[in-house]
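Written below as structure tokens is the structure these notes are about.
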Amino acid sequence: MNTQDLAAQYRASNKGDESTEGYVLIYLGRAFGWKRVLTEPGTVCPGVLAVDVAGQVFEAQGGNDYDGALRWTVAQDA
């Protein structure tokens, strides 16, 4: 299942604000949470993907697993 499909499945299974806005968080092929706005990359580890309602994918990069990521960037091949 691709990243956008995982996000859509998560939104369908978790009705509420995240079903119409925000970002579904995915790590190691599993959707695990949601953010209303894509800020504070240090709250997730590098490699976490965030998918918005339009299907655009962002990746947490830099940093480390303990201190968190440094930035969100547009993912190239998610």
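Every heavy atom of this structure was used, including side-chain atoms; hydrogens, water molecules and symmetry mates were not.
If you chain together hydrophobic residues whose side chains sit under 4.5 Å apart, L70 and F58 never meet in one group. If you chain together hydrophobic residues whose side chains sit under 4.5 Å apart, V37 and V53 never meet in one group.
At least one side-chain heavy atom of W72 sits under 4.5 Å from a side-chain heavy atom of V44. Residues V51 and Q56 have side chains not in contact (no heavy-atom distance under 4.5 Å, counting atoms from C-beta outward).
Remark: D65 engages no residue in a side-chain hydrogen bond (donor to acceptor under 3.5 Å, both in side chains) (not counting sequence neighbours). The side chain to side chain contact (heavy atoms under 4.5 Å, CB included) check on A31 picks up Y10, V24, I26, with sequence neighbours excluded.
Of all heavy-atom pairs spanning C45 and A60, the tightest one is O-CB, 3.7 Å. Taking each heavy atom of L6 and G29 in turn, the nearest pair found is CD1-O, 3.5 Å. Scanning all heavy atoms of the two residues, the minimum distance from P46 to G68 falls at CD-C, 4.3 Å. Closest heavy-atom contact between Q61 and A69: O-CB, 3.6 Å.
For residues 43-52, every residue pair satisfying the side chain to side chain donor-acceptor pair (under 3.5 Å) rule, not counting sequence neighbours, is listed here: K35-T43.
For E40, the CD atom is loosely surrounded, since the number of other residues' heavy atoms within 6.0 Å does not exceed 12.
There is no side-chain donor-acceptor pair under 3.5 Å between E59 and T73.
Interatomic distance, L49 CG to Y23 OH, rounded to the nearest 0.5 Å: 13.5 Å.
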